[in-house]
Chemist: 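Here it is, the structure, as structure tokens.
Computation of the quantities below employed the complete heavy-atom set of this structure, encompassing side-chain atoms and omitting hydrogens, waters and symmetry-equivalent molecules. Residue numbering restarts at 1 for every chain, and letters A, B, ... go by the order of the sequence lines.
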Amino acid sequence: MEKYSPQTIEKKWQEVWAKNDVYRTEKDDSRQKYYALEMFPYPSGNLHMGHVRNYAIGDVVARFKTMTGFNVLHPMGFDSFGMPAENAAIQHGVKPGDWTYANIENMKRQQRQLGLSYDWDREAITCSPDYYRWTQWFFELFYKKGLAYKKGATVNWCDTCGTVLANEQVIDGKCWRCDSEVQKKNLSQWFFKITAYAEELLQDLAKLPGWPERVKIMQENWIGRSEGLEFTLEIPELGEKVAVYTTRPDTAFGVTFLALAAEHPLMEKICAVSDKAEEIKAFCERVKGQSEIERTSGEAEKEGIFTGLYCVNPFNGKQVEIWVTNYVLAEYGTGAVMGVPTEDQRDWLFATKYGIEKILTIQPPEGELRLEDMQAAYVEKNGRLINSGRFDGMEMHKAMGAIMDYAEEQGFGERKVNYRLRDWLISRQRYWGAPIPIIHCPHCGEVLVPEEDLPVLLPEKVNFEQGAVSPLAKCEEFLRVKCPKCGGEAKRETDTMDTFICSSWYFLRYTDPHNDKAPFAKDKAKYWAPVDQYIGGIEHAILHLLYSRFFTKVLRDEGLIDFDEPFTNLLTQGMVIKDGAKMSKSKGNVVSPEDIIEKYGADTARLFILFAAPVERDLEWSDQGVEGAYRFLSRVWRILGQFASAIKNAPTTYDPTTLTGEEKELRRVLHLTIKKVTEDVGERFMFNTAISSIMEMVNAFYLWQDKALNPALAREVAESLLKLLAPFAPHITEELWSNLFGEGSVHRTKWPSYDEASLTQNEIEIVLQINGKVRDKITVPVDLDREAMEKAALAQPKVQALTQGKNILKVIAVPKKLVNIVVK
RNA sequence: GCCGAAGUGGCGGAAUUGGCAGACGCAGCAGACUCAAAAUCUGCCGUAGGCGACUACGUGCCGGUUCGAGUCCGGCCUUCGGCACCA
């Protein structure tokens with residue numbers, strides 16, 4: 001027999017599969033669909049192990065679902081706009097498109113080497129004009145629906161990348177991609193109004209039982225809904241009112257100062273009348289210069305400056321000092337906060353530092369708080385009100401409602417729901433993105449590019465010079481355009497779109513990838529979408545998944561699709577770790593998938609990655625573990641080779657009752673394995689235990705290597721073994737299938753079912769415990785009842801010896817499991 | 001600080017509903033085969049004590065519930081991930 005040679009057989013079958021188009025999928029209303037999707041990659045140049053893990057998991061799901069009878073959609077594409085392509089252009093003079101497409105070709109080659117069951121005919125590449133035409137079309141849709149708008153904003157600016165970053169893309173004050181310090185800059189920017197869907201994005205998390213709880217919690221926290229009271233305080237000296245938002249209206253009588261953000265709109269008027277105007281201006285400038293991270297860091301010192309002005313607390317008429325501070329954010333709430341030192345720890349620290357008055361307004365249920373003894377604010381949410389006028393003595397939760405009622409009756413406040421979520425800043429001052437299809441006309445203002453003129457193509461001839469301005473803004477040929485409305489000279493918008501927009505709808509494009517009349521046909525999307533199983537890294541738990549959910553809801557409201565949520569089930573895979581740290585070039589612990597494939601083959605790489613850890617947990621890479629996976633596949637190769645001639649000549653059907661006892665046991669193990677693998681793959685996503693049970697079955701098969709085995713049973717074992725292993729190791733199983741059974745592909749066979757009757761055993765080993773400790777084991781008939789079990793247990797010599805002279809208090813018998821004798 | 005996840009042999013991990021802790025694999029040890037090595041096959045492999053049948057201990061720590069706890073409850077500790085002055 002020939003030796004197992006993955007290099008030869010893998011290449012051979014990949015060519016056969018490609019030639020015969022075996023993974024091509026078509027809409028078929030007579031069959032139930034299943035949409036399996038892995039997050040598409042950015043074409044950085046090479047696959048890493050994280051990709052391999054992602055695709056291996058997805059491929060098992062897709063192949064398993066195909067074998068169990070579903071019409072499976074399993075596509076792949078590339079999220080191919082983005083900065084690295086532009087950086088390559090700047091640094092090496094390569095065109096971003098050339099660089100990107102070369103990388104795509106290389107990564108596709110590596111994906112093909114893995115033997116993944118993709119329908120490549122459905123490939124979506126976001127930087128292709130056929131694709132971004134529709135990304136622009138969606139922008140126009142959002143614009144027409146009032147969900148895309150422009151506003152001046154203080155934005156996060158990354159000097160290295162020369163672009164604006166969304167708040168969500170700033171990590172620790174640094175650019176999420178290049179890691180350099182983020183600055184503040186004021187620019188006019190395009191936004192998508194995701195906040196219009198805040199409530200639904202929050203509520204609909206309940207419609208996602210197939211999502212990991214932790215992901216839903218992260219999204220919930222990100223949306224950050226709070227209920228509270230917004231009320232206004234008068235500033236008599238200015239003849240103005242200032243609004244504050246609070247989630248603790250019960251503390252409203254304890255307000256002793258008002259804290260304003262440095263960016264607050266009233267600042268100018270305050271400076272006009274304050275005799276400390278210069279100081280205040282200087283303070284505000286300094287605070288604005290600080291990065292958001294500096295201002296919001298937990299360690300940062302709370303700072304402020306008294307404006308010399310006062311406002312009036314409408315609840316008790318008390319005069320309240322107005323301060324400007326560094327710890328109040330302009331973007332959240334109203335940019336002004338009521339300061340209650342006794343019941344908010346930040347306010348406590350601030351008031352203590354600057355000697356501001358403190359008024360205690362809540363007493364805990366037990367004991368008495370005294371201001372002079374307090375070392376920190378009382379932040380517990382229970383107690384009764386004091387120093388709060390008519391609300392004195394009221395339980396605080398009741399008081400919240402009563403105080404809000406009062407504010408609404410008096411007309412100076414109203415209940416309000418606030419969200420932490422901010423609108424999505426989509427403008428990028430970059431070249432390598434989808435151009436925003438807007439024309440700025442001196443007469444007509446903002447004009448959408450007519451639909452028939454889409455796509456707005458990226459110009460080929462552009463200069464890439466290091467600098468902060470987008471190459472598009474310097475490209476005359478792109479810039480100059482006639483106004484579609486009046487025909488006069490006009491200028492194109494030069495901002496491009498955040499790449500998260502491209503990836504917010506790609507799963508819909510896969511359902512109808514070649515459509516040039518629409519982003520997708522409604523009937524095709526209706527058949528295939530939503531995605532049944534989405535698989536990807538936890539790092540996308542918020543941004544990508546939230547944006548895709550937002551897109552889905554807008555498209556649903558437009559009538560393009562008829563479902564609320566894009567991804568019915570979500571699987572978040574763990575990272576691939578080596579030597580205790582995530583694989584990365586800087587740490588020098590990278591293992592190249594191509595090297596592993598070259599040495600052991602794709603089947604080994606896939607099998608190891610799926611066997612070494614449960615999919616949701618981090619996976620520690622082990623070169624020796626890879627060896628083990630290779631040894632296992634070689635074992636399968638050898639044992640099936642050994643039985644090959646017997647299997648080929650064996651009858652296809654037989655009567656299992658004619659088997660010998662030992663043969664029946666082998667058949668029992670086989671059917672037990674079928675049951676286990678079916679459940680582990682189909683219901684639990686426990687691929688590691690599925691593989692281990694296949695290994696156990698192969699071990700049982702191995703015991704027969706030198707013995708005569710019923711050839712029909714050998715055939716049944718071989719057939720089922722290859723089918724069970726096929727989703728994990730598609731090449732070796734296809735080769736062996738072809739060798740043993742001739743025509744047809746193992747991947748087009750029906751998943752094996754198990755014979756319940758074969759699983760039953762006549763006898764079973766049960767455990768005998770005394771006081772919960774295992775003392776003996778006996779073999780009994782499987783259907784023995786409790787009473788007989790007790791009797792059998794008590795008759796055991798060892799049990800008798802150990803219970804001699806002791807009181808038997810109780811005997812617990814659990815059929816098929818154990819007997820526990822409680823003695824004293 | 002808040003939220004979330006995890007903690008089991010030398011290592012990765014298993015134990016699905018409260019019922020034999022350590023499946024499967026890796027590493028290690030011994031043997032078979034071989035002139036020899038590799039490959040392969042077989043056996044052993046939690047800790048301590050014992051020649052041994054065996055005994056005691058053992059799932060991060062302390063307590064509880066239960067005939068019985070890795071699993072449930074209460075309180076801690078550690079590690080990892082996310083968020084972090086959100087009013």
Chemist: I want to confirm an ordering. Mapping A:L619 and A:M338 to their closest nucleotides on RNA chain B, which one lands closer to the 5' end?
Modeler: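 The residue mapped nearer the 5' terminus is A:L619.
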Chemist: For the pair made of CD1 in A:I577 and P in B:A5, what is the distance, rounded to whole Å?
Modeler: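 Rounded to the whole Å, the gap is 19 Å.
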Chemist: Would you say that A:L619 contacts A:R53 through its side chain, given a criterion of any heavy-atom pair below 4.5 Å between the two side chains?
Modeler: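 SC-SC contact between A:L619 and A:R53 confirmed.
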Chemist: Return the set of residues passing salt bridge (charged side-chain N to carboxylate O under 4.0 Å, His left out) with A:K707 (not counting sequence neighbours), or none when no residue passes.
Modeler: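 Salt bridge (charged side-chain N to carboxylate O under 4.0 Å, His left out) list for A:K707, sorted by chain: A:E662.
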Chemist: Restricting to non-hydrogen atoms, name the atom on A:V328 and the atom on A:A261 that form the minimum distance, rounded to 0.1 Å.
Modeler: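 Heavy atoms of A:V328 and A:A261 come nearest at O-CB, 3.4 Å.
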Chemist: Tell me what A:T689 touches on the nucleic acid: a base, only sugar-phosphate, or nothing, going by heavy atoms under 4.0 Å.
Modeler: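 A:T689: backbone/sugar contact only, no base atoms under 4.0 Å.
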Chemist: Using whole Å, report how far CG of A:D347 lies from P of B:C86.
Modeler: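 After rounding, the gap between these two atoms is 10 Å.
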Chemist: Please tell me if A:R635 has a side-chain N or O lying less than 4.0 Å from either OP1 or OP2 of B:U40.
Modeler: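 Checking B:U40 against A:R635, no side-chain N or O comes under 4.0 Å of OP1 or OP2.
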Chemist: Need one value for A:E627: base, sugar-phosphate or nothing, where a base atom within 4.0 Å counts as base even if backbone is also close, heavy atoms only.
Modeler: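 The answer is nothing, as A:E627 stays clear of every strand by at least 4.0 Å.
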Chemist: Would you please confirm or rule out a distance under 4.0 Å between OP1 or OP2 of B:A87 and any side-chain N or O of A:Y327?
Modeler: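 Indeed not, no polar side-chain atom of A:Y327 lies that close.
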Chemist: Any base atoms under 4.0 Å from A:G333, or only sugar-phosphate, or nothing? Heavy atoms, all strands.
Modeler: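 Touches nothing.
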Chemist: Check whether any side-chain N or O of A:R775 sits under 4.0 Å from OP1 or OP2 of B:C20, and answer yes or no.
Modeler: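 No, no such contact exists.
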Chemist: Please give, in whole Å, the distance from B:C24 C1' to A:M686 CE?
Modeler: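 A:M686 atom CE is separated from B:C24 atom C1' by 12 Å.
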Chemist: Using the C1' atoms only, state how far B:G22 lies from B:C57, rounded to an integer number of Å.
Modeler: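 The answer is 16 Å between these two C1' atoms.
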Chemist: Is it true that a side-chain atom of A:N313 and a backbone atom of A:L233 form a donor plus acceptor pair closer than 3.5 Å?
Modeler: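 No; zero donor-acceptor contacts below 3.5 Å.
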Chemist: Report the distance from atom OH of A:Y4 to atom P of B:A39, rounded to the nearest whole Å.
Modeler: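 For the pair A:Y4 OH and B:A39 P, the rounded distance is 18 Å.
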Chemist: Quick one: stems involving RNA chain B, counted as three or more successive Watson-Crick or G-U pairs, both distances short of 3.5 Å.
Modeler: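 So the stems come out as B:1-7 with B:77-83, B:10-12 with B:24-26, B:28-32 with B:40-44, B:46-49 with B:54-57, B:60-64 with B:72-76.
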Chemist: State, yes or no, whether a side-chain contact exists between A:F350 and A:W323 at a heavy-atom distance under 4.5 Å.
Modeler: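 Yes; the side chains approach each other to less than 4.5 Å.
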Chemist: Roughly, in whole Å, what's the span from CD in A:E616 to P in B:G4?
Modeler: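 Those two atoms, CD and P, are 17 Å apart.
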Chemist: Can you find an N or O donor on one side and an acceptor on the other, under 3.5 Å apart, linking the side chain of A:K810 with the base of B:C67?
Modeler: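 A donor-acceptor contact between them is absent.
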Chemist: B:A84, OP1 or OP2 - any side-chain N/O from A:N221 closer than 4.0 Å?
Modeler: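 Checking B:A84 against A:N221, no side-chain N or O comes under 4.0 Å of OP1 or OP2.
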Chemist: With rounding to whole Å, what would you report as the distance between B:U59 and B:G7 at their C1' atoms?
Modeler: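 To the nearest whole Å, 9 Å.
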Chemist: Heavy atoms under 4.0 Å, any strand shown: does A:F632 hit a base, just sugar-phosphate, or nothing?
Modeler: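 Answer is nothing: A:F632 stays at 4.0 Å or more from every strand.
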Chemist: Mind checking A:N688 for me? I need base, sugar-phosphate or nothing, with any heavy atom below 4.0 Å counting as a touch.
Modeler: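 The residue A:N688 makes sugar-phosphate contact but no base contact.
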Chemist: OP1 or OP2 of B:A27 sitting under 4.0 Å from any side-chain N/O of A:R631?
Modeler: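 Looking at the OP1 and OP2 atoms of B:A27, one of them is under 4.0 Å from a side-chain N or O of A:R631.
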Chemist: One pair to check against ring pair (Phe, Tyr, Trp, His ring centres under 6.0 Å): A:F608 and A:Y630. What are the steps and the verdict?
Modeler: CA-CA 8 Å; A:F608 166 72; A:Y630 182 78; over 10 Å; no
Chemist: Write down the distance separating the P atoms in B:C72 and B:C24, rounded off to the nearest Å.
Modeler: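 26 Å, rounded to whole Å.
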Chemist: Say we look at B:U8 and B:U79: how far apart would their C1' atoms be, to the nearest angstrom?
Modeler: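 Here B:U8 and B:U79 have their C1' atoms 15 Å from each other.
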Chemist: Could you tell me whether the phosphate oxygens of B:A15, OP1 or OP2, come under 4.0 Å of any side-chain nitrogen or oxygen in A:R684?
Modeler: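 It does, given that an N or O in the side chain of A:R684 lies less than 4.0 Å from OP1 or OP2 of B:A15.
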Chemist: Rounded to whole angstrom units, what separation is found between the CZ atom of A:R638 and the C1' atom of B:U40?
Modeler: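 Distance, rounded to whole Å: 6 Å.
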Chemist: Determine the interatomic distance between C1' on B:G9 and the same-named atom on B:G46; round to the nearest Å.
Modeler: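 It comes out at 5 Å once rounded to the nearest Å.
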Chemist: Using the C1' atom as the point on both nucleotides, what is the distance between B:G70 and B:A23, in whole Å?
Modeler: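 Roughly 15 Å separates the two C1' atoms.
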Chemist: Please give, in whole Å, the distance from B:A87 P to A:R420 CZ?
Modeler: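 Distance check: A:R420 CZ to B:A87 P gives 10 Å.
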Chemist: Are A:K318 and A:E357 within salt-bridge range, i.e. N to O under 4.0 Å?
Modeler: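 A:E357 and A:K318: salt-bridged.
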Chemist: For A:E199, is there an ion pair with A:R225 - N to carboxylate O distance below 4.0 angstrom?
Modeler: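 Here A:R225 pairs with A:E199 in a salt bridge, since their nearest N and O are under 4.0 Å apart.
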Chemist: B:A48 and B:C11: how far apart are their P atoms, nearest whole angstrom?
Modeler: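 Pairwise P distance, B:A48 against B:C11, rounds to 15 Å.
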Chemist: Could you go over nucleotides 10-12 of chain B and give all protein N or O partners under 3.5 Å, atom names and distances?
Modeler:
{"residue": "B:G12", "atom": "O2'", "partner": "A:A612", "partner atom": "O", "Å": "2.5"}

Chemist: On the ring face of A:Y702, is A:R635 found with NZ or CZ under 6.0 Å from the centre and within 45° of the axis?
Modeler: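 Yes, cation above the ring, under 6.0 Å and within 45°.
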Chemist: For A:F608 and B:G13, what is the distance between atoms CZ and C1' respectively, to the nearest whole Å?
Modeler: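 Rounded to the whole Å, the gap is 11 Å.
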Chemist: Kindly say whether, by distance alone, the side chain of A:K676 makes a donor-acceptor pair under 3.5 Å with the base of B:U16?
Modeler: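 Indeed, a donor on one side and an acceptor on the other fall under 3.5 Å apart.
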Chemist: With the threshold set at 4.0 Å, does a side-chain nitrogen-carboxylate oxygen contact exist between A:E679 and A:K675?
Modeler: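 Salt bridge flag = yes for A:K675 with A:E679.
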Chemist: If the glycosidic angle sits within 90 degrees of zero it is syn, else anti. Tell me which applies to B:G9.
Modeler: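 With its glycosidic angle within 90° of zero, B:G9 counts as syn.
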Chemist: How far, in whole Å, is B:C20 from B:C76 if one measures between their P atoms?
Modeler: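 Pairwise P distance, B:C76 against B:C20, rounds to 31 Å.
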Chemist: So, A:E414 and A:K416, do they make that salt bridge, N to O below 4.0 Å?
Modeler: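 Answer for the salt bridge query: no.
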Chemist: Which residue, A:S634 or A:K773, contacts RNA chain B at a nucleotide closer to its 5' end, judged by nearest heavy atom?
Modeler: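 Checking each residue's closest nucleotide, the 5'-ward one belongs to A:S634.
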Chemist: Please tell me if the side chains of A:Q573 and A:I535 come closer than 4.5 Å, counting only heavy atoms from C-beta onward.
Modeler: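 Yes, close enough: below the 4.5 Å cut-off.
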